[in-house]
Each structure stands twice: as C-alpha cells, then as structure tokens.
There are 2 protein chains.
Amino acid sequence: MQSNFTTEPRALIRRKGYRLTPQRQMILDAVREAQGHCTPDEVFARVQRKSSAVNRATVYRTLDFLLRIGLVTTAHVQNNQVIYEMAGQSPHHHLVCQHCQKVTQISHELVQPLFDRIEQEQGFEVHTDHFMIFGLCAHCRQLPKPAD
Amino acid sequence: MQSNFTTEPRALIRRKGYRLTPQRQMILDAVREAQGHCTPDEVFARVQRKSSAVNRATVYRTLDFLLRIGLVTTAHVQNNQVIYEMAGQSPHHHLVCQHCQKVTQISHELVQPLFDRIEQEQGFEVHTDHFMIFGLCAHCRQLPKPAD
DNA sequence: CTACATGCAAAGAGTTTGCATCCGC
DNA sequence: GCGGATGCAAACTCTTTGCATGTAG
C-alpha cells in the first residue's frame with residue numbers, strides 16, 4: 001500500500017516544480033523514521049547523525065515546506081511543542097505515556113463519537129483532527145508508584 | 001456559590017504565609033475576568049490597562065505562583081501557548097471558534113466516554129484533563145465561506 | 001525591621017529572516 | 001546558466017533569572 005514510500009514523495013516534489021535536494025530527502029527520511037512524534041529539534045538531531053552539514057534553519061524551512069506541499073502534518077503537544085509526522089496516514093490520535101514516553105496511535109473512530117456529540121449538542125463544527133492524550137500506558141501503570 | 005470569590009483567594013494567600021500584593025490581586029483579577037483562555041500576554045495587557053506599573057516578569061512569576069498554590073490552572077492550546085484559568089471550576093473543556101475566537105466550555109461528561117474506551121481497549125490511564133477543541137461555532141459556520 | 005516580592009535589564013531557548021553563495025535542473 | 005535552496009549570522013519572540021530596591025506584615 002505504501003511500499004513506494006521512498007520514491008513517491010520525491011516524485012511529488014519534482015512534479016510540483018520544486019527541487020529535490022539531499023537536505024529535503026534527509027529531513028523527510030528523519031520524519032518517517034521517527035514514527036510520529038518528532039519535534040524540529042529531534043529532526044535536526046537525526047539529520048545531524050547522517051550529515052553534520054545541515055543547518056538548523058534549513059530544518060525549520062524544510063519542515064514548513066513539506067507541510068505546505070502536504071507531505072507531512074503537524075500536531076501540537078502539551079509541553080508546548082510542535083511535532084511533525086508523515087501525512088497520508090489514516091486519521092489517528094496519539095496516546096503518550098508520561099512515564100516511558102512511548103507513543104501509541106489510536107484510531108479516529110474512537111474519537112468520532114465525541115465530535116458527533118459536540119456537533120449535535122453545540123452545533124460546533126470540529127476542525128481539530130489530532131489529539132495528543134497523555135497518561136500512563138498499560139505497562140507503566142502497574143509499576144509501584146514512587147513515594148510522594 | 002462563588003460570591004466570595006474576591007476575598008477567598010486573598011485569605012488563601014495570607015493563610016499560606018505569602019504576601020498579598022497589589023500586583024497579585026490585579027493579576028488574579030485579570031485571570032478571573034478573562035473567563036478562561038488567557039495567555040500570559042493577555043494577562044499582562046489587562047493588568048497594564050489598570051496600572052502601567054506592572055512588569056512582565058512579575059506577570060510570569062505571579063502566574064506561576066498562583067499555579068503553585070492552586071488558585072489557577074493551566075491548559076495548553078494548539079497554537080503553542082499556555083493559558084491560565086481560575087481553578088476550582090468543574091472539569092470542562094474548551095471549544096474555540098477559529099473564526100470569531102469565541103470560547104465555549106463543554107462539560108467533561110461529554111469526554112469521559114472517550115477516556116473510558118481508551119482505558120478499556122488500551123489499558124491506558126488518561127491524565128490529560130483539558131482539551132482545546134478548535135473549529136467553527138454554530139453561528140460562524142453559517143456564514144458564507146470566503147473564496148479560496 | 002526583615003524577608004519576600006517587584007522592577008529592571010540581561011540572558012536563554014526556540015524560531016524566523018536577510019543576504020550571499022551554492023547547486024539542481 | 002538561472003533561480004530556487006541552503007548556510008550563516010543576526011534578529012525576534014517568549015520566558016526566565018540575578019540583583020538591587022521596595023514594601024507587606
């Protein structure tokens with residue numbers, strides 16, 4: 001289904017008349033490898049590991065570029081950061097474990113009933129499409145709590 | 001029910017051994033008058049209108065102080081800002097109209113079923129307690145859309 | 001009068017921008 | 001070779017911090 005993931009975005013960039021630079025490829029790869037939940041800073045760090053010759057400003061500019069042409073999307077998390085992830089995934093939301101930092105995706109179907117009720121009861125048309133829900137994952141909630 | 005709202009926080013501040021300064025009162029008033037959804041910058045602007053002699057750093061420090069002693073709470077919104085609001089309200093979430101900026105509160109009861117399903121299906125214990133949901137309010141969604 | 005709170009200015013983080021250079025096409 | 005993309009450094013925004021002064025209790 002998305003086996004051609006590596007070449008497809010390249011084609012899109014070219015098709016729209018933009019240039020396919022090594023930086024853009026590395027940054028796109030970094031976002032893809034991060035599996036959702038990556039901040040500009042994390043992208044920068046990942047890219048640095050491959051090639052130290054990429055500038056921070058380029059990371060910001062390129063993420064914005066990839067967002068504009070629709071290859072990545074953004075979500076906003078509670079600790080006041082923007083995260084980027086690959087576009088084109090089925091609608092989903094994130095569960096973030098505050099203890100082990102693990103990120104799980106949940107289907108949008110779980111959330112849709114909430115949006116439906118908001119629309120029915122308030123007449124409010126929801127645009128928010130990406131929740132970051134924080135808490136404890138099944139594993140970590142079983143651990144003994146540290147004393148207060 | 002909350003008719004004594006003005007004096008009660010004063011008492012709390014004094015009781016805990018902190019000083020009741022004009023700045024703290026003005027900043028607390030500003031948060032209360034903003035009815036949820038106020039950023040440090042908005043608080044600063046409100047306070048400035050009453051007395052131009054309040055410093056930005058004091059606003060930050062005081063909001064943090066009010067948070068620590070439990071008089072206000074924070075939520076984090078999608079445009080990457082922290083907002084403050086009076087503590088002690090019943091659990092609720094915000095609907096924010098992206099057109100007219102109006103903020104509506106919805107009861108947590110609407111959201112609880114979602115959290116319940118997440119817990120049942122994923123074993124994930126939700127801690128997030130404050131959603132900011134963006135979209136169009138009943139009024140604004142009826143307006144003709146501007147051409148793209 | 002004493003210690004906590006404030007004002008001021010400077011320092012930090014994170015992000016954006018102007019401009020010369022580079023390089024994809 | 002041309003024009004868009006990058007690197008670099010400076011600017012900008014938002015927030016925090018150190019220190020001297022002010023003031024609530």
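Letters go in sequence order (proteins before strands), and every chain restarts at 1.
- Residue B/K16 contributes atom NZ, which lies 19 Å from atom C1' of D/dG25 at whole-angstrom precision.
- Salt-bridge check for B/D64 with B/R61: failed, with every basic side-chain N at 4.0 Å or more from each acidic carboxylate O.
- In this structure, the CD atom of B/Q25 is 14 Å from the P atom of C/dA5, given to the nearest Å.
- If you check every strand for non-hydrogen atoms under 4.0 Å, A/Y18 touches sugar and phosphate atoms only.
- Contacts classified as ring-ring contact (aromatic ring centres under 6.0 Å, His included) and involving residues 41-74 of chain A (residues at least two apart or in different chains) are given here: A/Y18-A/F65.
- Scanning for salt bridge (Lys or Arg N to Asp or Glu O under 4.0 Å) contacts around B/K50 gives B/E33, with sequence neighbours left out.
- The backbone N or O of A/P22 lies less than 3.5 Å from no partner atom in the side chain of A/Q25, so there is not a single donor-acceptor pair.
- The CZ-P distance, from B/F65 to C/dA5, rounds to 6 Å in whole Å.
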Under 3.5 Å, which donor-acceptor pairs do the side chains of residues 115-122 of chain B form with other protein atoms, sequence neighbours left out?
{"unit_1": "B/D116", "atom_1": "OD1", "unit_2": "B/Q112", "atom_2": "NE2", "d": "3.0"}
{"unit_1": "B/R117", "atom_1": "NE", "unit_2": "B/E121", "atom_2": "OE2", "d": "3.0"}
{"unit_1": "B/R117", "atom_1": "NH2", "unit_2": "B/E121", "atom_2": "OE2", "d": "3.0"}
{"unit_1": "B/E119", "atom_1": "OE2", "unit_2": "A/R141", "atom_2": "NH2", "d": "2.9"}

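- Between B/I13 and B/L71 there is a side-chain heavy-atom pair separated by less than 4.5 Å.
- One finds no side-chain N or O of A/Q23 lying less than 4.0 angstrom from the OP1 or OP2 phosphate oxygen of C/dC23.
- Taken over five-pair windows at either terminus, the axes of the helix from C/dC1-D/dG25 to C/dC25-D/dG1 are inclined to one another by 30° (rounded to 10 degrees).
- Here the side chain of A/Q142 pairs no donor or acceptor atom with the backbone of A/H139 at under 3.5 angstrom.
- Protein atom CZ of A/R24 is 15 Å distant from nucleotide atom P of C/dC23, rounded to whole Å.
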Hey, what are the protein-to-nucleotides 16-24 of chain D N/O distances that come in under 3.5 Å?
{"unit_1": "D/dG18", "atom_1": "O6", "unit_2": "B/R61", "atom_2": "NH1", "d": "3.3"}

Table please: side-chain donor-acceptor pairs of residues 51-58 of chain B below 3.5 Å, with sequence neighbours left out.
{"unit_1": "B/S51", "atom_1": "OG", "unit_2": "B/A53", "atom_2": "N", "d": "3.2"}
{"unit_1": "B/N55", "atom_1": "OD1", "unit_2": "B/A57", "atom_2": "N", "d": "2.8"}
{"unit_1": "B/R56", "atom_1": "NH2", "unit_2": "B/D41", "atom_2": "OD1", "d": "2.3"}

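- What separates CZ of B/R68 from P of C/dA5 is a distance of 9 Å, to the nearest Å.
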